[in-house]
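Start at 1 and go down the list; that is how both ligands and their atoms are numbered.
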Amino acid sequence: MELTYNRPMQNPNFLIIDSGVGGLSIWQEIQRLIPNSHTCYVADNGGYPYGTMEENALVQRLLTLLPELERQYRPDIIVIACNTASTIVLEPLRAQTQTPVIGVVPAIKPAAALSQSRHILLLATPGTVRRQYIDRLIEDFGQGCTFKRIGSHELVHEAEQKIRERPVNQDIINKVLEPLRQIDTDIDVVILGCTHFPFLADEIRHALPTPIRILDSGQAIARRAQQLLVDLKPRNQDHIPLPGNLFLFTEETEQTHQLEAGIQHFGFDKIGFFRLTATQNAQKSGAT
Ligand code: DGL
């Protein structure tokens with residue numbers, strides 16, 4: 001008789017990656033919904049910021065880094081907790097791994113369902129707003145709504161500052177959102193299309209000309225992960241559960257030490273470094 005498993009896999013291991021601390025907004029939602037999970041969170045600060053990196057360089061970087069991480073930490077699910085990366089790397093990554101991969105992309109469909117005025121703002125990194133992937137998402141799921149796009153790396157920096165427990169510069173946020181006052185006053189939904197931005201939700205709300213609904217992808221990603229766990233077979237004998245929640249940087253800098261206290265407050269059990277070998281680093285930077 002064939003057994004069917006309709007209980008979600010217990011104590012799953014997640015591998016979550018972003019260029020910095022932004023993906024913690026996704027991790028928090030996963031933790032809330034799947035508290036028995038353990039995560040190896042990777043802040044690829046050696047590649048930060050992704051939002052201004054050339055597309056091929058970013059894809060190559062992740063296709064080098066992720067298999068190494070996967071070999072070492074044996075995740076049940078990989079989460080690309082970065083819109084800038086997901087919008088270009090999901091296809092090649094899925095082609096090279098057996099592990100299910102969830103990618104965070106802007107919440108175009110829920111925004112279109114929510115908007116009354118049918119005018120929506122996508123706030124993301126400069127890389128994300130110009131991706132063809134976004135054009136396709138809007139075409140397929142935008143329900144004919146008008147989408148304005150603002151790309152900002154300043155907001156990514158301000159979010160990193162906030163997690164570093166440094167003051168956020170409201171003037172910078174106001175300036176980024178200034179075009180909204182001119183371009184379209186009908187906008188009634190703002191999509192936070194960068195995982196760093198939910199940490200600035202209050203500051204963004206403060207900078208908006210009128211009360212506007214703000215949407216991010218965190219809860220939807222956590223629900224997707226939960227769904228996937230129902231489909232996953234119970235783990236193999238050789239599965240090595242993570243001993244807790246682990247936070248890894250890819251490069252040791254002054255900033256990583258400034259972030260330590262903030263990261264500990266999120267509840268990580270250990271903070272460390274994942275260093276690529278010299279050969280992998282050469283491949284990663286495109287050197288031969
Ligand atoms: N958090 C990333 C995103 O969701 C981008 C951060 C960066 O530019 O490095 O797009």
Side-chain angles (χ1 to χ4, degrees), residues 14-30 39 41-62 65-66 78-90 93 101-108 110-111 121-135 137 149-164 168 172-173 176 190-201 203-204 214-222 224-225 247-251 253 255-256 259 262-263 266 284:
F14 284 91
L15 172 65
I16 302 182
I17 188 165
D18 182 31
S19 60
V21 293
L24 290 176
S25 65
I26 303 295
W27 178 71
Q28 280 181 318
E29 297 299 339
I30 290 178
T39 293
Y41 183 98
V42 180
D44 180 20
N45 61 316
Y48 171 90
Y50 283 175
T52 49
M53 199 188 286
E54 198 269 317
E55 288 192 13
N56 278 336
L58 179 53
V59 171
Q60 283 321 309
R61 185 176 182 89
L62 288 166
L65 188 55
L66 282 162
I78 297 173
V79 181
I80 309 296
C82 174
N83 298 260
T84 312
S86 293
T87 45
I88 44 175
V89 83
L90 286 180
L93 182 62
V101 180
I102 301 177
V104 179
V105 296
I108 301 288
L121 173 72
L122 170 61
L123 189 60
T125 64
T128 300
V129 293
R130 59 168 183 262
R131 300 267 192 265
Q132 280 175 7
Y133 188 100
I134 297 296
D135 301 339
L137 266 187
R149 308 181 197 193
I150 295 181
S152 164
H153 57 84
E154 295 88 350
L155 293 190
V156 177
H157 175 76
E158 290 306 312
E160 291 273 328
Q161 285 286 93
K162 193 164 184 181
I163 304 300
R164 217 172 278 158
V168 171
I172 292 181
I173 297 169
V176 168
V190 175
I191 303 170
L192 303 184
C194 169
T195 53
H196 278 77
F197 297 174
F199 292 120
L200 296 176
E203 290 83 354
I204 290 170
I214 295 183
L215 270 190
D216 66 64
S217 312
Q219 289 181 5
I221 294 296
R224 174 77 193 115
F247 189 106
L248 301 175
F249 290 105
T250 55
E251 225 170 79
T253 64
Q255 281 87 352
T256 57
L259 278 166
I263 290 163
F266 277 87
K284 188 184 72 182

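Nearest to atom 10 (O) of ligand 1 among the protein's heavy atoms is T84 OG1, 2.5 Å. Protein heavy atom closest to atom 8 (O) of ligand 1, with residue, atom name and distance, is G51 N, 2.8 Å.
Residue D18 touches ligand 1 through its side chain alone, judged by heavy-atom distances below 4.0 Å. Only the side chain of S19 comes within 4.0 Å of ligand 1, judged by heavy-atom distances.
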(request) For side chain to side chain contact (heavy atoms under 4.5 Å, CB included), just list the numbers for H196 and D18, CA-CA rounded to whole Å, side-chain angles, deciding distance to a tenth of an Å, and then say yes or no. (result) CA-CA 9 Å; H196 278 77; D18 182 31; 3.2 Å; yes
(request) Quick one: do L66 and V101 satisfy side chain to side chain contact (heavy atoms under 4.5 Å, CB included)? Show the steps, please. (result) CA-CA 11 Å; L66 282 162; V101 180; over 6 Å; no
(request) Report the C-alpha distance between T128 and R149 in whole Å, list the side-chain angles of each, state the deciding distance to 0.1 Å, and finish with yes or no for side chain to side chain contact (heavy atoms under 4.5 Å, CB included). (result) CA-CA 10 Å; T128 300; R149 308 181 197 193; over 6 Å; no
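For the side chain to side chain donor-acceptor pair (under 3.5 Å) criterion with Y50, the lone passing option out of D44, T84, T125 is D44.
For the pair Q255/N45, no side-chain contact is recorded, criterion being any heavy-atom separation below 4.5 Å from C-beta on.
Distances shorter than 4.0 angstrom occur between a heavy atom of H196 and an atom of ligand 1.
Atoms of ligand 1 found under 4.0 Å from any heavy atom of V156 (numbered from 1 in listed order, with element): 6 (C), 7 (C). The contact set between ligand 1 and T125, taken as ligand atoms under 4.0 Å from a residue heavy atom, comprises 5 (C), 8 (O), 10 (O).
The option from N83, L24, D216, V104 that lies nearest to atom 3 (C) of ligand 1, judged by heavy atoms, is N83.
Residue T128 has no nitrogen or oxygen atom sitting less than 3.5 Å from a nitrogen or oxygen atom of ligand 1, judged on distance alone.
With 3.5 Å as the limit, one finds no donor-acceptor pair spanning the side chains of T253 and E251.
Checked by atom type and distance alone, the side chain of S86 pairs as donor or acceptor with a backbone atom of I80 at under 3.5 Å.
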